[in-house]
**Q** 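Got a structure for you, written out below as structure tokens; questions coming shortly.
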Amino acid sequence: MVKPFSQACVNNQIAICQILERVFTDKKLVLEVGSGTGQHGVWFAKNLPHLIWQMSDREQNHAGINQWINDDPAPNLIAPIRLDVVSDPWPTARYDAMYSANTAHIMPWVAVASMFAGVGQRLLGGGIFCLYGPFKYLGVLDAQSNIDFDYRLQQQSAHQGIREFHDINQLAMNAGLNLREDNAMPANNRLIVWQKR
Ligand SMILES: C[S@@+](CC[C@H](N)C(=O)[O-])C[C@H]1O[C@@H](n2cnc3c(N)ncnc32)[C@H](O)[C@@H]1O
């Protein structure tokens, strides 16, 4: 099997890591939802050694994630667990931090809602959830690159598309999360930070 590779992860991991270092400074156990290739988990575990990083994804991505872990193991990096946020039970552990990147515009809306419900249930009080990706604000995408990306997503699948920030934040509030930060990131992305009440 060819090891999966995402150039986007290479491009964004340093900028994301700088924010995670700050907002996860007093955190320990992190659950990543939708780890994809596994590159982010490998990078963040290596660069944020005070964290224990638990990757997760649907089973079809585990072989690739395990290749990344095997090629670059770290004592604080745990083998991926199977987590389809709609159809799998969430792990019983309670996490003090959670992270997900580029998932909200790929999952159907019902899955985005499941993700927030699961985050709200498994995050400890005071815990932090970070969601990275592009978002619309009051229906507006201000970068042409995101307008083009949104169009491509919707052509690809009717259930995909860049989400409205206010809808996402409503899911977060319903799950017991308060908005703490909305960080502008390179390439017209955002890193949104919520805290569990
Ligand atoms: C565009 S990839 C992003 C991967 C990685 N986080 C990144 O930033 O490169 C979208 C990810 O969402 C995951 N995903 C889609 N639907 C999901 C679901 N229902 N439950 C869990 N993960 C899901 C996919 O398996 C994939 O890993």
Side-chain angles (χ1 to χ4, degrees), residues 6-9 11-13 15-20 22-24 30-37 40-41 44 55-58 61 83-88 90 95 97-123 125-197:
S6 159
Q7 184 59 46
C9 284
N11 297 345
N12 61 30
Q13 61 196 12
I16 295 174
C17 198
Q18 284 169 351
I19 298 207
L20 297 188
R22 177 170 58 74
V23 299
F24 288 171
V30 186
L31 175 66
E32 178 181 6
V33 176
S35 297
T37 62
H40 272 168
F44 299 145
M55 293 201 248
S56 78
D57 207 321
R58 298 180 295 176
N61 288 334
L83 180 58
D84 181 312
V85 295
V86 176
S87 56
D88 287 320
W90 283 64
Y95 298 87
M98 294 196 188
Y99 167 82
S100 193
N102 295 313
T103 46
H105 55 268
I106 298 294
M107 296 175 180
W109 182 249
V110 65
V112 181
S114 285
M115 174 167 72
F116 273 92
V119 168
Q121 282 167 14
R122 304 319 306 161
L123 202 55
I128 296 288
F129 177 48
C130 292
L131 181 64
Y132 175 88
F135 297 92
K136 274 182 197 157
Y137 291 80
L138 298 173
V140 177
L141 286 168
D142 52 7
Q144 188 59 46
S145 59
N146 279 344
I147 294 170
D148 296 343
F149 183 45
D150 192 36
Y151 178 78
R152 285 200 305 277
L153 286 168
Q154 291 180 37
Q155 294 301 304
Q156 202 166 282
S157 174
H159 71 243
Q160 296 185 343
I162 296 180
R163 307 302 177 189
E164 166 64 44
F165 167 80
H166 294 88
D167 295 340
I168 289 276
N169 193 43
Q170 188 62 53
L171 291 179
M173 287 192 293
N174 294 348
L177 306 172
N178 290 338
L179 181 65
R180 266 194 41 184
E181 300 178 10
D182 180 2
N183 297 281
M185 302 297 285
N188 305 305
N189 285 296
R190 317 289 304 184
L191 201 161
I192 307 176
V193 181
W194 291 274
Q195 185 163 36
K196 177 85 186 289
R197 290 191 280 276

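Numbering starts at 1 and runs along the sequence shown.
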**Q** Would you say the side-chain atoms of Glu32 pair up with the backbone N or O of Met98, donor to acceptor, closer than 3.5 Å?
**A**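 No: the side chain of Glu32 does not pair with the backbone of Met98.
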**Q** With rounding to the nearest 0.5 angstrom, report the CE to CG distance, Met185 to Asn12.
**A**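 One gets 7.5 Å once the value is rounded to the nearest 0.5 Å.
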**Q** Please identify which of these residues, Leu191, Asn169, Ile192, meets the side-chain contact (heavy atoms from CB on, under 4.5 Å) condition with Asp182.
**A** Ile192
**Q** Drop me the distance from Asp150's CG to Lys136's NZ, to the nearest 0.5 angstrom.
**A**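 The distance works out to 4.5 Å.
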**Q** Would you name the heavy atoms of Ile168 and Ala104 that are closest together and state the gap between them?
**A** CD1-CB, 4.1 Å
**Q** Identify the two heavy atoms, one from Leu138 and one from Glu164, that lie closest to each other, and give their separation to 0.1 Å.
**A** N-OE2, 2.9 Å
**Q** Is there side-chain contact between Val112 and Thr103, with heavy atoms separated by less than 4.5 Å?
**A** no
**Q** Nearest heavy-atom pair of Trp90 and Ser114: which atoms, and what distance?
**A** CZ2-O, 3.9 Å
**Q** When you look at OH of Tyr137, are more than 12 heavy atoms from neighbouring residues, nucleotides or ligands closer to it than 6.0 Å?
**A**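 Atom OH in Tyr137 is packed in, count exceeds 12.
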**Q** Can you tell me how far CG of Leu20 sits from CD of Gln13, rounded to the nearest 0.5 angstrom?
**A**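 It comes to 11.5 Å.
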**Q** Taking Asp57 for the side chain and Ser35 for the main chain, is one N or O donor matched with an acceptor at less than 3.5 Å?
**A**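 Flag set: sc Asp57 to bb Ser35 pair under 3.5 Å.
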**Q** Given His40 and Tyr99, is the side chain to side chain donor-acceptor pair (under 3.5 Å) satisfied, shown in steps?
**A** CA-CA 10 Å; His40 272 168; Tyr99 167 82; 3.1 Å; yes
**Q** If you define the side chain from C-beta out and look only at heavy atoms, does anything of Phe165 sit under 4.5 Å from Arg190?
**A** no
**Q** Evaluate the side-chain contact (heavy atoms from CB on, under 4.5 Å) criterion for residues Arg22 and Asn183: first the C-alpha distance (whole Å), next the side-chain angles of each, then the deciding distance (0.1 Å), finally the verdict.
**A** CA-CA 12 Å; Arg22 177 170 58 74; Asn183 297 281; 3.7 Å; yes
**Q** Do Phe44 and Val30 come within less than 4.5 Å of each other through their side chains, counting heavy atoms only?
**A**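 Of all side-chain heavy-atom pairs linking Val30 with Phe44, none is under 4.5 Å.
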**Q** Quick one, Leu31 and Arg122 - any side-chain contact, counting heavy atoms below 4.5 Å?
**A**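 With C-beta onward as the side chain, the pair stays apart.
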**Q** In Å and rounded to the nearest 0.5 Å, what is the OG to CG distance from Ser6 to Asn102?
**A**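 Those atoms lie 7.5 Å apart.
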**Q** Rounded to the nearest 0.5 Å, what separates atom CG in Asp142 from atom CG in Asn188?
**A**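 Nearest 0.5 Å value for the CG-CG distance: 7.0 Å.
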**Q** If every non-hydrogen atom of Met115 is compared with every non-hydrogen atom of Ser100, which pair is closest and at what distance?
**A** SD-OG, 3.8 Å
**Q** Is the shortest heavy-atom distance from the side chain of Leu177 to the side chain of Leu123 under 4.5 Å?
**A**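 In short, these two side chains touch, coming nearer than 4.5 Å.
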**Q** Might you point out which heavy atoms bring Ala111 and Val85 nearest each other, and give the distance in Å?
**A** O-CG2, 3.5 Å
**Q** Given side-chain contact (heavy atoms from CB on, under 4.5 Å), test Arg152 with Gln155 step by step and report yes or no.
**A** CA-CA 5 Å; Arg152 285 200 305 277; Gln155 294 301 304; 5.7 Å; no
**Q** Go through Arg163 and Trp109 one step at a time and tell me if the side-chain contact (heavy atoms from CB on, under 4.5 Å) criterion holds.
**A** CA-CA 9 Å; Arg163 307 302 177 189; Trp109 182 249; 3.7 Å; yes
**Q** Below 4.5 Å, heavy atoms only, C-beta onward: do Phe116 and Leu131 meet side chain to side chain?
**A** yes
**Q** Take Cys130 and Ile19 through the test side-chain contact (heavy atoms from CB on, under 4.5 Å) and record every step on the way to the result.
**A** CA-CA 9 Å; Cys130 292; Ile19 298 207; 5.6 Å; no
**Q** Are side-chain heavy atoms of Tyr132 and Asn189 found at a separation under 4.5 Å?
**A**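 Touching, per the 4.5 Å side-chain cut-off.
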**Q** Do the non-hydrogen side-chain atoms of Leu141 and Pro134 ever get within less than 4.5 Å of each other?
**A**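 Of all side-chain heavy-atom pairs linking Pro134 with Leu141, none is under 4.5 Å.
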**Q** Spell out, as yes or no, whether a donor-acceptor pair under 3.5 Å connects the side chain of Arg180 to the backbone of Phe129.
**A**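 Not a single qualifying donor-acceptor pair exists.
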**Q** Please round to the nearest 0.5 Å and tell me the distance separating atom CG of Asn178 and atom CD of Gln195.
**A**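 So the gap between those two atoms works out to 7.5 Å.
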